Protein chains: 2
Amino acid sequence: MTNKIQRSKPGRPRKFDEAVVLQQAMQAFLQNGFEASSYEDIARAMGLSKPSLYNAFGDKLALFERVLGGYAAAAHGHITSNFSGEDSLENAAQNLLCSAAEFYSSPDGPSLGCLLVGTALPSTTQYDHIREMLAQFTNALELSLEDIVTQQYAKDAKRLGKTPREISLHISSLIFSLAVRARMGLSRKQLVACAEELSGLLG
Amino acid sequence: MTNKIQRSKPGRPRKFDEAVVLQQAMQAFLQNGFEASSYEDIARAMGLSKPSLYNAFGDKLALFERVLGGYAAAAHGHITSNFSGEDSLENAAQNLLCSAAEFYSSPDGPSLGCLLVGTALPSTTQYDHIREMLAQFTNALELSLEDIVTQQYAKDAKRLGKTPREISLHISSLIFSLAVRARMGLSRKQLVACAEELSGLLG
DNA sequence: TGACTTTTATACGGTATCGTATAGAAATAT
DNA sequence: ATATTTCTATACGATACCGTATAAAAGTCA
């Protein structure tokens, strides 16, 4: 077995790491949005030349969809993992919302918010695929939250007189509202404070 | 007193009505967003030539801010008026959210959502004035909602064990979430159904 | 070592968009 | 009626952006 960790293909090897440059592309899109980011701007932010970028990821829309997909998966995992394993529904909600607030904000300076809500939303009317990605993300997230409530916080939900679906809908709504507020220039401190206030609204 | 209703100024009169064309500009921005709408597209949607548009409202950013201001004022009035004068906080919330759902949706076809949340949000990082308009709208709306709760639904709030500020924050959050969901392609019927579900989350 | 393959860098043409210049059209005031 | 003022329409230059052609660079395989 001649299994190398990474079988090298013929041809000149790439000088960049896909995960790294995709993260840089995400930052660029998050900063200026999809439409306002020119392809050259993004290539510069990724440290790539324009032809390299075209060769690797295609045009701007394809790159954005790629970035969005990765972001959605990461956000889903981030949210569900922060919602799981707490000792009560209330604490789980608080943990989720506060971590989301930190995720949506920058250590210093104004928050840039959520890539899905803050930059992809206007493009839903022009690009069906983006709209479908957002709808699917929302749907999948709410199903996951509902599952977690059912499996881990059923007793708490009952105490509050709410079904798991209602809890899930409530929490996803608070996340959306946090995503919107984040892009209005709040600092991390302010956003986390807002998240704590929101988390008290469950009961 | 020679007071005419409208003193005609010298010079060639305008062929268009400001309120009408601004509404058409709003529709154009709502459809394609701020950045993706070219100045020519907008002028066509308004039935104006490009120089007329420049002359009347300035460049695209100035026009967008003008439209946003009008939209924000209308939304504020629409929301607060639908929240007032009901017989209970729960009914007021339901009335508010359902009317917002209708406001955010089209009679047929997919919803276009909220101009503030659905199209202005990405531009907050580039244009301070837009960010400030959004922040100010949110702030003013929440203060108005809080006032209404204090004056009309204090008893209901007390019964729910929430302060007027908490109620206000809760409702504004649900509105934001509705604004986000609206732009994911839901029909009016679906969006109104969602609003009704959300309105049950207060208690 | 030499042929081949893939990435990279520079440069280019085509297109769209922006903002305005210029001239004509339509009203008022004297 | 004529002059004046303001709006409208066509056209234009400048710029930015997109996507790619072309050739050099940097590796692998025989």
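Chain letters run A, B, ... following the sequence lines, proteins first and then strands; every chain starts at 1. Just so it is clear, the model here is predicted, and its values are computed rather than measured.
At C:dA9, one or more side-chain N or O atoms of A:K15 fall inside 4.0 Å of OP1 or OP2 (strictly under the cut-off). Look at A:S52 and you'll find a side-chain N or O under 4.0 angstrom from OP1 or OP2 of C:dT8.
Of the residues in residues 38-48 of chain A, those lying under 4.0 Å from DNA chain D by heavy-atom distance are A:S38, A:Y39, A:E40.
B:L53 has its CG atom 14 Å from the C1' atom of C:dT20, to the nearest Å. To the nearest angstrom, C1' of C:dT7 lies 13 Å from CZ of A:F57. Note: OH (B:Y54) to P (C:dT17) measures 12 Å, nearest angstrom. For the pair A:R14 CZ and C:dT5 P, the interatomic distance rounds to 18 Å; values are reported in whole Å. Atom P of nucleotide C:dA26 and atom CZ of B:F16 are separated by 16 Å, given to the nearest angstrom. In this structure, A:N55 places its CG atom 13 Å from C1' of C:dA9, rounding to the nearest Å.
The backbone N or O of A:L48 sits nowhere less than 3.5 Å from a side-chain atom of A:K15 that would complete a donor-acceptor pair. Under a 3.5 Å cut-off, the side chain of A:S199 and the backbone N or O of A:E196 do form a donor-acceptor pair. Remark: side-chain polar atoms of B:Y153 are paired, donor with acceptor, to backbone N or O of B:E86 under 3.5 angstrom. In terms of modelled atom types and a separation under 3.5 Å, the side chain of B:T138 and the main chain of B:L134 share a donor-acceptor contact.
The minimum heavy-atom distance between A:T119 and B:P122, with the atom names listed, is CA-CG, 4.1 Å.
Remark on DNA chain D: of its neighbouring residues A:K60 and B:S49, the 5'-side contact belongs to B:S49, judged by nearest-heavy-atom nucleotide. Nucleotides of DNA chain C nearest to A:K50 and B:K50 differ in position, and the one nearer the 5' end is that of A:K50.
Checked against the 6.0 Å centroid criterion, the rings of B:Y71 and B:F103 qualify as a close aromatic pair.
At a threshold of 4.0 angstrom between heavy atoms, the contacts of B:P51 include nucleobase atoms, whether or not backbone atoms are also involved.
Ring geometry for B:H170 versus A:H170: interplanar angle under 30°, hence parallel rather than tilted (30 to 60°).
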